[in-house]
Amino acid sequence: MIPYGRQDISESDIEAVVSVLRSDFLTQGPAVPAFERSVAEYCSAKHALAVNSATSALHIACLALGVGPGDIVWTTPITFVASANCARYCGAEVDFVDINPRTYNMDVDCLASKLAEAARVGKLPKVVIPVHLCGQPCDMAAIHALGQQYGFGIIEDASHAIGGRYLGEPVGNCRYSDITVFSFHPVKIVTTAEGGMAVTNDADLAAKMALYRSHGITRDEAQMTHAADGPWYYQQIELGFNYRMTDLQAALGVSQMHRLDEFVAARHALARRYDRLLADLPVTLPYQLPDTYSGLHLYVIRLQLNALKHTHREVFDALRARGIGVNLHYIPVHTQPYYRKLGFRGDEFPQAQQYYAEAISLPMYSGLDFSNQDRVIDALAEMLR
Ligand SMILES: *Cc1c(COP(=O)(O)O)cnc(C)c1O
């Protein structure tokens, strides 16, 4: 089976992990801060906090921004469930903003009109979480301007987008957001097996996230209620979690970061080939917002169903039967049984619904060679012509 995504591990990645195994620290050693510096420098962000998943990073980002019971958080319905669940962990309500039919990201016009209505009825969101779907940056300048106007915080879910650029600057520099979150799951662009990171330019948010990452415990006397009892002393000043990344993972991350630009370039070479070789088929190819560079975690096509004699499901099944691990990113989050129990009907966001009826993620990862990519293209062409 050609998967839709997979990790790209080199001998130096393996050596980096093995050298941690031979060292004094398997966790809470020097590799974690080294990985944090590497990502912060790459993104031009001031602070970076490595955690054990992007899900954890989203959770502590929401907590640091003060999300709690009585608050509302908005995100897009076309995302992984974690982008919405983080608000539920904090006891907040979740609502969604429909997607743009070309970028598949949160639609800024829908956001603006939903905000105007929310302001009228006094139900404005505390935080909005735009997701850079497939690696395509959202229109962050516009979302940021709305944030200023309506007073909400912004967490960028950039799980798909490390290595991408928006208006000439790296995704993660937080110019238009409070916090940006990355995922290092093996299908993502760089991996630490499991892992995530939250980056920010705000020292106060960084300090809060550091507390939530590790039990709410501080060893900084300035944060304590009284002077330390002795050199052993720490205080728990918040209710936090154990969301720490290990040094094994961080060493893999440092090593992978050396190849980030190479990984993204390889993804772009594959995307250009898909663009060219699928151009004559009855499918809608990915659109790229001007002045952005995608991290290209995913390459999603949409079937032009009225031009086809097969259904979406039939195309899917036929490709899978031929050993092509196509996938669907994502099932609209508000249609999940958990969210339906919270009151969503499933038909609230028509663009998301239509996207779900047509989308297919094709294999896209740096180790995919052109001959295997040709198998994908040939199978699609056979099915769709
Ligand atoms: C993968 C992903 C997450 C969760 O990442 P983990 O590191 O697996 O917790 C969150 N949001 C989006 C958009 C993702 O793709």
Side-chain angles (χ1 to χ4, degrees), residues 3-7 32 35-36 39 48-63 73-90 94 96-97 99 103-106 127-138 140 143 154-164 171-172 177 179-199 209 212-213 241-246 249-250 252-253 256 267 294-300 327-334 336 338-339 352 355-356 359 361 364-365:
Y4 84 84
R6 69 159 287 157
Q7 69 276 13
V32 169
F35 184 37
E36 291 172 338
V39 173
L49 285 110
V51 286
N52 57 1
S53 70
T55 304
S56 303
L58 286 163
H59 184 190
I60 62 173
C62 283
L63 289 172
V73 172
W74 291 1
T75 188
T76 164
I78 299 297
T79 185
F80 185 56
V81 291
S83 316
N85 290 347
C86 56
R88 300 292 301 152
Y89 298 155
C90 303
V94 173
F96 301 90
V97 179
I99 60 167
T103 64
Y104 317 147
N105 282 332
M106 175 183 285
V127 166
V128 172
I129 307 181
V131 179
H132 306 310
L133 193 78
C134 305
Q136 154 122 279
C138 293
M140 289 309 303
I143 295 170
I154 300 173
I155 301 169
E156 292 175 69
D157 184 343
S159 293
H160 299 184
I162 198 165
V171 170
S177 63
I179 297 166
T180 300
V181 165
F182 297 115
S183 171
F184 307 119
H185 183 277
V187 296
K188 305 288 165 68
I189 298 165
V190 297
T191 190
T192 60
E194 297 282 357
M197 198 165 305
V199 296
M209 290 193 287
Y212 288 122
R213 167 174 66 179
F241 307 88
N242 180 353
Y243 281 169
R244 293 188 304 265
M245 176 179 276
T246 68
Q249 293 167 299
L252 178 55
Q256 288 257 301
R267 289 169 178 273
S294 178
L296 260 171
H297 165 51
L298 298 172
Y299 188 92
V300 171
N327 217 313
L328 211 175
H329 300 93
Y330 290 92
I331 305 155
V333 176
H334 66 290
Q336 295 289 357
Y338 173 80
Y339 283 94
Y355 168 92
Y356 179 59
S361 302
M364 170 55 73
Y365 50 94

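Heavy atoms only: backbone and side chains are in, while hydrogens, waters and symmetry mates are out. Indexing begins at 1, ligand by ligand and atom by atom, following the structure's order.
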Next item on the list: Within a distance under 4.0 Å of any heavy atom of Gly195, pick out the atoms of ligand 1 and give their elements.
Entry: 7 (O)
Next item on the list: For the pair Cys134 and Thr103, evaluate side-chain contact (heavy atoms from CB on, under 4.5 Å) and give the outcome as yes or no after the intermediate values.
Entry: CA-CA 9 Å; Cys134 305; Thr103 64; over 6 Å; no
Next item on the list: Kindly give the heavy-atom pair with the smallest separation between His334 and Pro77, and that separation in Å.
Entry: ND1-CB, 3.6 Å
Item checked: Heavy-atom nearest option to atom 6 (P) of ligand 1, drawn from Ala57, Ala193, Ala54, Ala161 -> Ala54
Next item on the list: For Val131, counting its heavy atoms only, list the atoms of ligand 1 lying under 4.0 Å from any of them.
Entry: 13 (C)
Check: Could you give the distance from CG (Asp157) to CD1 (Ile179), rounded to the nearest 0.5 Å?
Finding: 12.0 Å
Note to self: For Ser159, which part has a heavy atom under 4.0 Å from ligand 1: side chain, backbone, both, or neither?
What the structure shows: side chain
Next item on the list: Please state which part of Tyr330 comes within less than 4.0 Å of ligand 1, counting heavy atoms only: side chain, backbone, both or neither.
Entry: side chain
Margin query: I'd like to know whether the aromatic ring centres of His59 and Tyr212 sit less than 6.0 Å apart in this structure.
Written below: no
Notebook entry, point to check: With a 4.0 Å cut-off on heavy atoms, does Ser56 reach ligand 1?
Noted result: no
Note to self: For Ser83, state whether at least one heavy atom is located under 4.0 Å from any atom of ligand 1.
What the structure shows: yes
Margin query: Any nitrogen or oxygen of Glu194 lying under 3.5 Å from a nitrogen or oxygen in ligand 1? Just yes or no.
Written below: no
Item checked: Contact partition for Thr79 relative to ligand 1, non-hydrogen atoms under 4.0 Å -> side chain
Notebook entry, point to check: Is it the side chain, the backbone, both or neither of Lys188 that has a heavy atom closer than 4.0 Å to ligand 1?
Noted result: side chain
Margin query: Please confirm whether the ring centroid of Tyr355 lies under 6.0 Å from the ring centroid of Tyr330.
Written below: no
Notebook entry, point to check: Can you tell me the protein heavy atom closest to atom 11 (N) of ligand 1 and the distance?
Noted result: Asp157 OD2, 2.7 Å
Next item on the list: Kindly indicate, with the supporting measurements, whether the criterion salt bridge (charged side-chain N to carboxylate O under 4.0 Å, His left out) is fulfilled by Lys188 and Glu194.
Entry: CA-CA 10 Å; Lys188 305 288 165 68; Glu194 297 282 357; over 6 Å; no
Next item on the list: Starting from atom 9 (O) of ligand 1, locate the nearest protein heavy atom and write down its residue, its atom name and how far away it is, to 0.1 Å.
Entry: Thr55 OG1, 2.5 Å
Margin query: Starting from atom 15 (O) of ligand 1, what is the nearest protein heavy atom, named by residue and atom, and what distance separates them?
Written below: His160 NE2, 2.7 Å
Item checked: Closest non-hydrogen atom pair, Glu156 against Thr180 -> OE2-OG1, 3.1 Å
Checklist line | Atom pair CG/OG of Asn327 and Ser361 - distance to nearest 0.5 Å | finding: 6.0 Å
Note to self: Contact between His329 and Tyr4 at the side-chain level, heavy atoms closer than 4.5 Å - yes or no?
What the structure shows: yes
Checklist line | Close-contact set for ligand 1 against Ser183 heavy atoms, below 4.0 Å | finding: 1 (C), 5 (O), 6 (P), 7 (O)
